[in-house]
Amino acid sequence: MRVRIAPSPTGPFHIGTARTALFNLLYARRHGGTYIVRVEDTDVARSTTDFERDILEGLRWLGLEADEGVRGDGGEIGAHGPYRQSARGERYREVAAELLAKDLAYPCFCTAAELDAERMAREARKLPPRYSGRCGTIAPADAATRVAAGESAALRFRIPAGAVVIDDLVRGRVEIDAEALGGDLVILRADGSPLYHFTVVVDDADMGITHVIRGEDHLSNTPKHILLFQALGVPLPRFAHLPLILNPDRTKMSKRKSQTALADYQAEGFLQEALINFLALLGWSTGSEDEILSMDELQGRFDLEHVQKAGAVFDRVRLEWINGQWIRKLPVDELLLRLRPFYDAAAADGRIARVASDAELAKLLPIIRERIQLLSAAIPLTDFLFTDRVEHDPALLVPKRWDAATTIAGLEAARPILADGIGEGEPLLLEADDPLEAKLRGVAEAAGWKAGDLFMALRVAATGRTATPPLFDSMRLLGGAALLSRIDAAIARLRTA
RNA sequence: GCCCCUGUCGUCUAGAGGCCUAGGACGCCACCCUUUCAAGGUGGAGAUCACGGGUUCGAAUCCCGUCGGGGGUACCA
């Protein structure tokens, strides 16, 4: 059993390509097969090595690196190579020559202008576009003479008449009349470069692909491939056409309407595990009510029977929920590793004033992990710890039920207790009873304040924000000196406001 | 236009003729927990299974039609 993913490096790694790759890998793992990565860079005008690297690195990051073919570092392994179409030109011309020799293909001398005119004429008569096949009636000897004389000619594959049946693993039997295929198919341009429908078949045949699992957008073109496989005299692979991933308006997911670049999701702080989990459940289900699944679990459970037939809308909100689940599920030391680059980047671009140490992050993790759905969200939640001063907004500083005078009184009343109770580098008191909290509650009660209001005033004074990790842990993390100076600054701010 | 695929809560889905008074999850609302925000817990609203005909004692499940949505239709991939 051999499957493949064949990305085209004409743009950044697309999330839809990632899902197709995942389904292929899952299918291979489940059935003990080989998962192959092939780069389809026949379109030299649009393909770039930067895009290729982006795709290869993306696959590796997701855990979808090739068993055979092009690996994450760009190297190739396997005995069926080369695995880049740009390196297979010789082979395509060789196969094309065989088809020509058997008269299964013929040179076409039509110019672009002639083909345009033909197409427009048919359009005017409300007929579907279709090549007339007129060059197909030129005697092979005459055609050969003209080619030898240097006349420019593309090579067309003869599409035989009749119905083509696709026995699709997810859609069942699909029958398409060859009449609807648009006439004889160009497989080699006049300059000798091969076209997609041809290269894909030659490669799948040469590489011994047994199962072609790809997006539904290829279903209508599959008869062309089947006819080509038959002309080549090689056994047909099984086909499985996956439902498309859709924009919220239910059109095919596109860059214009959705975020499609994997790298953008990565940069936002989506976890590899979450993306895999989410993508697996887009168009496939376990048949059970399980939702949070690891790659290992997916590999053990995947099947084509539960693949959906209708397109699936990419629901970003659901992805974020799954990401939050995985953030909480990851071991803390692993989570620290994942968070590291986000803090480093924030320090580099000035969102925080200094680099956070591993020890500091380790102390933070327990109080932020249930508060973030994206790794990047950790920064605004904890930036107050890594900055020299906070800007106090008086409107936030004064709790709803309080006025400025009460707030000043509250901060002043709390100050000596905090000066006494918070030093530097103290351990957190996560679940435990906190004596400091008890004291402050006492102060609030004596003054007739709601403790929550006092806490809110302190929260904003210490962090500049109204939504933060737990107050007492936040204050301990900050340290006594910084805390007191922020309280003083907050009081000063209120006096001048 | 033509060809093909498809149609269960807003979204992802369970469902293979009686287990369906259609289940779960996200999101939404309420409550609980609670120093904020989350997380977590409980409950709720939300689908005449696109519609219309059949078949059957019985249909979300089978058949036909209609309508809606999507994809394809290149000397792009």
Side-chain angles (χ1 to χ4, degrees), chain A residues 6-11 40-43 45-47 85 108 110-112 115 119 122-123 125-131 153-156 166 168 171 174-177 179-182 185-191 193 195-197 199-200 215-223 241 243-244 246 248-252 278 281-292 305-306 308-322 324 328 367-373 381 399 437 440-441 444 450-456 458-460 463 465-472 474:
Chain A
S8 180
T10 51
E40 304 212 326
D41 53 356
T42 42
D43 187 347
R46 292 195 294 147
S47 298
Q85 295 191 328
C108 174
C110 296
T111 62
L115 293 173
R119 191 170 11 246
R122 285 184 65 87
E123 201 172 316
R125 285 187 292 157
K126 294 205 179 296
L127 292 168
R130 183 169 197 280
Y131 176 60
L155 193 68
R156 280 188 193 266
I166 307 166
D168 194 274
R171 271 147 232 282
V174 177
E175 185 177 320
I176 298 177
D177 197 302
E179 185 68 25
L181 262 31
L185 180 72
V186 175
I187 57 176
L188 243 43
R189 292 188 182 90
D191 67 4
S193 61
L195 260 13
Y196 170 74
H197 294 305
T199 59
V200 72
E216 195 203 327
D217 47 347
H218 285 101
L219 183 59
S220 295
N221 285 322
T222 300
H241 286 94
L244 260 23
L246 272 24
D249 66 1
R250 304 202 76 91
T251 53
K252 181 162 83 165
F278 172 72
L281 263 20
L282 252 197
W284 175 76
S285 68
T286 57
S288 72
E289 287 175 356
D290 303 331
E291 312 261 6
I292 303 302
E305 289 70 48
H306 285 90
Q308 204 76 14
K309 292 191 184 76
V313 173
F314 188 96
D315 183 354
R316 182 187 162 105
V317 175
R318 182 174 161 82
L319 169 59
E320 288 182 6
W321 173 76
I322 290 179
R328 269 160 250 136
I367 61 174
I368 64 169
R369 65 184 304 171
E370 63 224 30
R371 277 169 245 273
I372 55 172
Q373 285 196 315
L381 197 58
E437 177 181 342
L440 287 173
R441 283 185 187 279
K450 300 202 75 166
D453 289 334
L454 209 214
F455 293 161
M456 183 53 83
L458 284 171
R459 179 189 320 280
V460 177
T463 68
R465 297 177 189 272
T466 55
T468 72
L471 177 61
F472 293 91
S474 295

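Everything quoted here is computed from the prediction, not taken from an experiment. By convention in this document, chain letters (A, B, ...) are assigned in the order of the sequence lines, proteins followed by strands, and residues within each chain are numbered from 1.
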Can you tell me whether the side chain of [X] and the base of [N] have a donor-acceptor pair closer than 3.5 Å?
X        : N      : result
A:Arg156 : B:rC75 : no
A:Arg171 : B:rC5  : no
A:Thr251 : B:rG70 : no
A:Arg318 : B:rU11 : no

To the side chain of [X], which of [options] is closest?
X        : options                : value
A:His197 : B:rA38, B:rA77, B:rC75 : B:rA77
A:Glu289 : B:rG24, B:rA39, B:rU36 : B:rG24
A:Pro128 : B:rA77, B:rG40, B:rC2  : B:rC2
A:Arg459 : B:rC12, B:rU36, B:rG70 : B:rU36
A:Ala154 : B:rC75, B:rC12, B:rA77 : B:rC75
A:Glu216 : B:rU36, B:rC5, B:rG23  : B:rC5
A:Val186 : B:rA77, B:rC75, B:rG27 : B:rC75
A:Arg119 : B:rA77, B:rG7, B:rC75  : B:rC75

Mind checking whether A:Phe472 and A:Leu458 have side chains closer than 4.5 Å, heavy atoms only?
->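 Of all side-chain heavy-atom pairs linking A:Leu458 with A:Phe472, none is under 4.5 Å.
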
Are any non-hydrogen side-chain atoms of A:Pro470 and A:Arg371 less than 4.5 angstrom apart?
->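 Yes. Closest side-chain heavy atoms under 4.5 Å.
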
Just to confirm, is there a sub-4.0 Å distance from OP1 or OP2 of [N] to any side-chain nitrogen or oxygen of [X]?
X        : N      : answer
A:Lys252 : B:rG72 : yes
A:Arg371 : B:rU36 : no
A:Thr468 : B:rU36 : no
A:Arg46  : B:rA77 : no
A:Gln308 : B:rA14 : yes
A:His306 : B:rG15 : yes
A:Arg250 : B:rU11 : yes

Under 4.0 Å, heavy atoms only, any strand: does [X] hit a base, just the sugar-phosphate, or nothing?
X        : value
A:Ala451 : nothing
A:Gly324 : nothing
A:Glu291 : base
A:Thr42  : sugar-phosphate
A:Ala190 : base
A:Pro470 : base
A:Arg369 : nothing
A:Pro469 : base
A:Glu175 : sugar-phosphate
A:Ser8   : sugar-phosphate
A:Leu115 : base
A:Asp217 : sugar-phosphate
A:Leu471 : base

Value in whole Å for how far the [atom2] atom of [N] lies from [atom1] of [X]:
X        : N      : atom1 : atom2 : value
A:Phe278 : B:rU11 : CZ    : P     : 14 Å
A:Trp321 : B:rC26 : CH2   : P     : 5 Å
A:Leu185 : B:rU73 : CG    : P     : 11 Å

Distance between the [atom1] atoms of [N] and [M], in whole angstroms?
N      : M      : atom1 : value
B:rG1  : B:rG44 : P     : 47 Å
B:rC49 : B:rG68 : C1'   : 16 Å
B:rC33 : B:rG40 : C1'   : 8 Å
B:rA25 : B:rC63 : P     : 32 Å
B:rC4  : B:rC64 : P     : 14 Å
B:rA50 : B:rG69 : C1'   : 10 Å

Watson-Crick or G-U wobble mate for [N], both contacts under 3.5 Å:
N      : value
B:rG72 : B:rC2
B:rU35 : none
B:rC26 : B:rG10
B:rG18 : B:rC57

Just wondering, do A:His218 and B:rA77 stack (centres under 5.5 Å, planes under 30°)?
-> yes

What orientation do A:His218 and A:Tyr196 show, parallel under 30°, tilted 30 to 60°, or perpendicular over 60°?
-> tilted

Under-4.0 Å salt bridge between A:Lys252 and A:Glu216 =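 No salt bridge links A:Lys252 with A:Glu216.
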
